[in-house]
Amino acid sequence: MKSKDINYNQDYKYGFTTDIENIKAPKGLSEETIKFISKIKKEPKWMLDWRLKAYNRLKVSKEPNWQKPKFPKIDYQDLYYYSAPKSMQDKPKSLDEVDPKLIETYNKLGIPLNEQKKLSGVAVDAVFDSVSVATTFKDELTKKGIIFCPISEAIQKHPDLVRKYLGSVIPINDHYFATLNSAVFTDGSFVYVPPNTKCPMELSTYFRINASETGQFERTLIIADKGSYVSYLEGCTAPMRDENQLHAANVELVALDDAEIKYSTVQNWYPGDKEGVGGIYNFVTKRGACRGKNSKISWTQVETGSAITWKYPSCILQGDNSVGEFYSIAITNNHQKADTGTKMIHLGKNTKSKIISKGISAGKADNTYRGLVDIGRKAINSRNFTQCDSLLMGNTCGAHTVPYIKNKNSSSTIEHEATTSKINEDQLFYCNQRGLSQEEAVSLIVNGFCKEVLQQLPMEFAVEAQKLVGISLEGSVG
Amino acid sequence: MLEIKNLKASINNKDILKGLNISIKPGELHAIMGPNGSGKSTLANVLSGKEGYKISGELLYQGKNLEEISIDERAQQGIFLAFQYPTEIPGVNTSNFLRTSLNKVRKSQGKEELDALKFIKMIKDKSKELGIDEKMLSRQLNVGFSGGEKKKNEILQMKILDPNLIILDETDSGLDIDALKIVADGVNSSRNDKKSFLVITHYQRLLNYINPDHVHILSDGKIVKSGTMKLAEDLERTGYKGIN
Amino acid sequence: MLNFKIDSSEIDKVGNFNKQEKDFRLKNLENFNKNGFPNKRNEDWKFSDLREIVSKNFKKLNFHSTNNTEQKIDLIKEFEHNFIVLTNGELTSSNFSYEDKDKIKIQKYSNYPLSEKTELNPLISLNHAMANKGFILEVEENYKFNKILVIYSLYTDKLNENIINCKNKIKIGKNSELHTLEYLINNSKANFFNNIYENIVLDDSAKFKNICIQKNKSSGYFHKYSNNKLGTNSNYSSFVFPAGLKFNKLDLEFDLTGKNSECKLLAASYLSQKDHQEIKTRINHFASDCKSFQKVKNVLDSESKGVFQGKIFVKDIAQKTDAYQLSKAILLNDSSEFNSKPELEIYADNVKCSHGSSSGSIDKNSVFYLMSRGLSKKESVNLLIDGFLSEITNEIKNQKIKTFIINRLRIQLDGHKKH
């Protein structure tokens, strides 16, 4: 029985480059670079001091080396830490003043920024290399008292909020990449939802790396005040280049009493080519603090891109009755490597956490789930449930599960389950018998395998994510 | 419609079919009966193209040699297998699956693909016709279905995909009398002079409702006896041991 | 004791060695001295900081061996058995009256193959450097033991802040079968450290079953590294009931090197007071069609701490692997603690691998149910613990041995309960 040939040449569809004149910081990491960034962002002195404090810390800290994916040494002096389109230097007052080339870039990525065409029900902050290009629906949100703006703008306009919360979840000295980000972060989004307010639309940031030899260091801070709710989504793409580019973001979430934050990521950075050349190093620190009672933070991620992904969106469950959730799909193909998972730190009473992780590995890729569940002595009546499933396609790839489970409390329960298997041949046969090709069958079954996670995504993005799951695995069976 | 000549099949060096001959014309319904281990399910699997078997002999479907055709293409060309144990596929919505499947079949036959609205109308009609609760369609494919529900779902799929050659692999086993009637009604209402059926079963039960044109007895990988409905009736009385 | 170092002259005190072996020992001693007792910065010791434990509980560690004259021991009466006696690790007597003695070779620890490897575990280096006791048991081809072999492991009251390093080896020939019971009897009142290196080799189609249990509570601090190699079609089951030590770390490595081999590890412990116990496993699936099964159950009372670190490794050629691992723990007290790290590292696709780990309180509904049938709370809890652990004991097929084990466990449980 001959199976059909499969098209191996699915190109990364976001691999184009926008040809635009840039302003860059001097190459390399130095106090000058940091001062340059701070100056061009017109930052107050406290912000510069904060950055320099991080820089001093960075000088004495070391890159971590315990994670599974190993990577060649990064020459931090051979990178640009700031790159922005020249036209963005004098902040355009409205979209009409924004360089049409930038608008066109986002159109091509499927993120129209124009008033007429903008996505309904989703407010977008578009970040291009080191600056925010535009933010849509700003006025509608302002009416409700919701602040949604680039963080560089928040530093100027809302310094009290920024000073209070920035670095309160991820301290300056947390670990090497978090410290690096604290020193050189360029842009990212800031969200503040006032008490008892339900954000009426999805908030979304779209990150685009364009310039070469440039690292992207975004910083996002989301604060949900008492009794509020916000759903936030980030998406990311980058051009195809044969060099590795560094993306080291920090994301901090703070949920006060009875507040809920839902944070979703569809990560599709350039993964490198089939031989493993190029691609983004995605070293991201994401952490949320359920600071108030009855608060909730829910992370959902669909990780299909990047040469190396290394991130553990975590929840610190401080408030009594707080809830943390982590839903993850990580797909690795060709030479991609992903080491991802979460940490659930239970400190408050009656805290609950849930972890659902689906890893799919194909080609020569390596996929690791690494996670920590830690229930402290005082976190009485707490609960965790973890389910990690891995699918392997072929025997040149690897799937690993490394959970750390700590229970210091006899009234608390931790349950962890994990499985590793290949795609069930009976399922493939059944789908084939109903007329689906091998690739369609794989995509369908894998999507089914990931269902529990996909369901967590806002409607607008779930469809896109489903397609991405199929595309990412193309060429992996035959 | 289907011409099988001297079909031999083995799996893991174990011979299962040992020279099987059968010929089914358009419009005919053939029943194959046989004891456990006689090769019934292997025949169904081989016809639909399941991998892992070593095959020799001739397999002609609508005059074409099937050997070179993959499982999905056979399905697209109108071969339908109702599984003995329909596979559970978690996370996949039954109705979405059916629509994908139907559009694949339609596309390969040069028909236009159905949009969501037309499709929903179609499955509503068909499930009503069969007396199947359409709530089943919003669940995950075969997951947590009872044995009867799984079989009914197979019959519904058969109805919707409108195939030419239908193989029912012990679709009747494990069914209560009501479910059995749904299966039989589904078969009877689909019968016409263009469609052919190959019904694989242990018992005469289902055959009473669907009236086969030919009945064959499969034993140790070969057809050992062919006849009419009377053969099935004899078999029910004497058991497989009495036939020779 | 935080910076415990051993002088190279200590090697000469434990025995006379030829140059080659002396060099090997010196190299390993150097490695141990460089690292010291492992602390929690070492990933494998993340949950058991041995450096802290040793420095808290020992003022010194003495390598001088006491004179291990044969001691009188009470033999198990419940079932007929062969036996060997180890006194403070040293082989002091053996009795194979039920067997064909031509088929069995038993001897004291002697020269061991010297490996070039620099060990990651400093305690293995320590053992390589200082070992001077132990036994080697070899079973010829095509021989099936008639009766079980009991290994009486006796620790005498002469021990006082001693450290014992022993090496034990069991080799089972092709098609042969052995069943052992390791029985630890502890008469030492003072603290001592026992560091064992064990090597078990199963040739093709060999079968080995081992049960390990303590007679009484002990002030011993134990570390055992066990390397087990399984040939084609071989079968190994290991039962451990490792309770009652101050500190106990079992580091068990199973190499499934032959096709169709199978290993099974079953453990049940009741930990109380300040017991600290870690079971660490690594199952290496190096060949296809192999099976591994692990079930580890812990009940933790008072201030005890339990750890399970289990890893299943599947090499790319080890297709059709069937690997399963389950760790379950019940915490009875708010001062008790259970940590686990169940790991999968898989490079072959046609496999069935899964693990589960759970920890939590005793099921309140079950307690309620039993109490509504007239049992006291304590009786209910005890009954549930019995049930929880019996899942492991039930796997023992021989009825007499099973009864013996269950009775030992009951004594442990009741003994602890009085405190």
Side-chain angles (χ1 to χ4, degrees), chain A residues 66 68 359-362 364-425 476-477, chain C residues 41 43 46-47 288 298-302 305-364:
Chain A
W66 47 262
K68 181 119 182 129
I360 298 126
S361 204
K364 293 189 163 60
D366 242 329
N367 203 323
T368 303
Y369 167 83
R370 189 186 303 275
L372 168 71
V373 176
D374 189 343
I375 298 191
R377 284 255 186 265
K378 289 180 184 149
I380 56 167
N381 290 321
S382 294
R383 250 165 213 291
N384 161 268
F385 175 77
T386 303
Q387 172 83 48
C388 300
D389 296 315
S390 306
L391 263 191
L392 280 163
M393 300 192 186
N395 59 352
T396 52
C397 53
H400 319 294
T401 314
V402 192
Y404 295 78
I405 305 162
K406 297 183 179 181
N407 192 350
K408 295 198 189 75
N409 193 303
S410 72
S411 59
S412 298
T413 306
I414 302 180
E415 279 175 273
H416 171 100
E417 284 168 27
T419 62
T420 302
S421 55
K422 68 171 194 168
I423 285 202
N424 183 316
E425 274 170 13
S476 63
V477 280
Chain C
R41 268 195 297 254
E43 178 71 22
K46 206 178 177 71
F47 304 113
S288 68
N298 278 290
V299 177
L300 300 123
D301 205 350
S302 37
K305 183 171 173 179
V307 178
F308 175 69
Q309 296 199 66
K311 182 167 191 167
I312 298 171
F313 175 88
V314 180
K315 205 178 166 184
D316 55 358
I317 55 164
Q319 295 290 359
K320 296 191 191 147
T321 287
D322 186 348
Y324 178 78
Q325 180 197 76
L326 180 72
S327 141
K328 277 188 165 183
I330 291 180
L331 279 75
L332 295 176
N333 192 296
D334 275 344
S335 304
S336 54
E337 180 177 339
F338 184 73
N339 300 323
S340 73
K341 185 183 163 204
E343 235 181 300
L344 299 172
E345 184 170 351
I346 294 164
Y347 296 95
D349 64 336
N350 192 3
V351 297
K352 226 173 79 191
C353 295
S354 58
H355 69 217
S357 171
S358 70
S359 61
S361 59
I362 202 150
D363 183 33
K364 289 190 183 76

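These figures come from a predicted structure and were not determined experimentally. By convention in this document, chain letters (A, B, ...) are assigned in the order of the sequence lines, proteins followed by strands, and residues within each chain are numbered from 1.
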Enquirer: Within this structure, what is the CG-CG distance for the pair N409(A) and L331(C), rounded to the nearest 0.5 Å?
Expert: 8.0 Å
Enquirer: Does some side-chain heavy atom of V402(A) sit less than 4.5 Å from a side-chain heavy atom of K341(C)?
Expert: yes
Enquirer: Measure distances from Q325(C) to the heavy atoms of chain A and classify the residue's part below 4.5 Å as side chain, backbone, both or neither.
Expert: neither
Enquirer: Say you draw a straight line from OG1 of T368(A) to CG of L344(C); how long is it, rounded to the nearest 0.5 Å?
Expert: 11.0 Å
Enquirer: How far does OH of Y369(A) sit from CD of E343(C), to the nearest 0.5 angstrom?
Expert: 12.5 Å
Enquirer: Using non-hydrogen atoms and a 4.5 Å limit, figure out which bit of Q319(C) sits close to chain A: side chain, backbone, both or neither.
Expert: side chain
Enquirer: Do Y347(C) and H400(A) have side chains that approach each other closer than 4.5 Å (heavy atoms only, starting at C-beta)?
Expert: yes
Enquirer: Let's test your reading of the structure: which of S357(C), S354(C), A323(C) forms the most heavy-atom pairs below 4.5 Å with chain A?
Expert: S357(C)
Enquirer: Going from CD on E425(A) to CG on N350(C), what distance comes out if it is rounded to the nearest 0.5 angstrom?
Expert: 7.0 Å
Enquirer: Among T419(A), T413(A), T401(A), who wins on heavy-atom pairs under 4.5 Å with chain C?
Expert: T401(A)
Enquirer: Under 3.5 Å, is there a donor-acceptor pair linking the side chains of S410(A) and N333(C)?
Expert: no
Enquirer: Quick one: do E337(C) and K406(A) satisfy salt bridge (charged side-chain N to carboxylate O under 4.0 Å, His left out)? Show the steps, please.
Expert: CA-CA 8 Å; E337(C) 180 177 339; K406(A) 297 183 179 181; over 6 Å; no
Enquirer: Does any part of the side chain of N407(A), heavy atoms only, come nearer than 4.5 Å to the side chain of N339(C), both counted from C-beta?
Expert: no
Enquirer: Do you know which of D349(C), I312(C), I362(C) has the most heavy-atom pairs with chain A at a distance under 4.5 angstrom?
Expert: D349(C)
Enquirer: Measure distances from K46(C) to the heavy atoms of chain A and classify the residue's part below 4.5 Å as side chain, backbone, both or neither.
Expert: side chain
Enquirer: Can you find a pair of side-chain heavy atoms, one from H416(A) and one from S340(C), that are under 4.5 Å apart?
Expert: no
Enquirer: I'd like to know which of S359(C), A329(C), G360(C) tops the heavy-atom pair count under 4.5 Å against chain A.
Expert: S359(C)
Enquirer: More than 12 foreign heavy atoms under 6.0 Å from NZ of K422(A): is that the case here?
Expert: yes
Enquirer: Is it the case that atom NZ in K328(C) sees more than 12 heavy atoms from other parts of the structure closer than 6.0 Å?
Expert: no
Enquirer: Please classify the contact of F47(C) with chain A as side chain, backbone, both or neither, using a heavy-atom distance under 4.5 Å.
Expert: side chain
Enquirer: Can you tell me which of N367(A), I375(A), N384(A), L392(A) forms the most heavy-atom pairs within a distance under 4.5 Å of chain C?
Expert: L392(A)
Enquirer: Taking side chain as everything from C-beta outward and backbone as N, CA, C, O, which of these in T321(C) sits under 4.5 Å from a heavy atom of chain A? Side chain, backbone, both or neither.
Expert: neither
Enquirer: What residue in E417(A), E415(A), K408(A) has the most heavy-atom pairs under 4.5 Å with chain C?
Expert: K408(A)
Enquirer: Step through the shown structure and confirm whether more than 12 heavy atoms of other residues, nucleotides or ligands are within 6.0 Å of CZ on R370(A).
Expert: yes
Enquirer: Out of S411(A), P403(A), S421(A), which one racks up the most heavy-atom pairs below 4.5 Å with chain C?
Expert: P403(A)
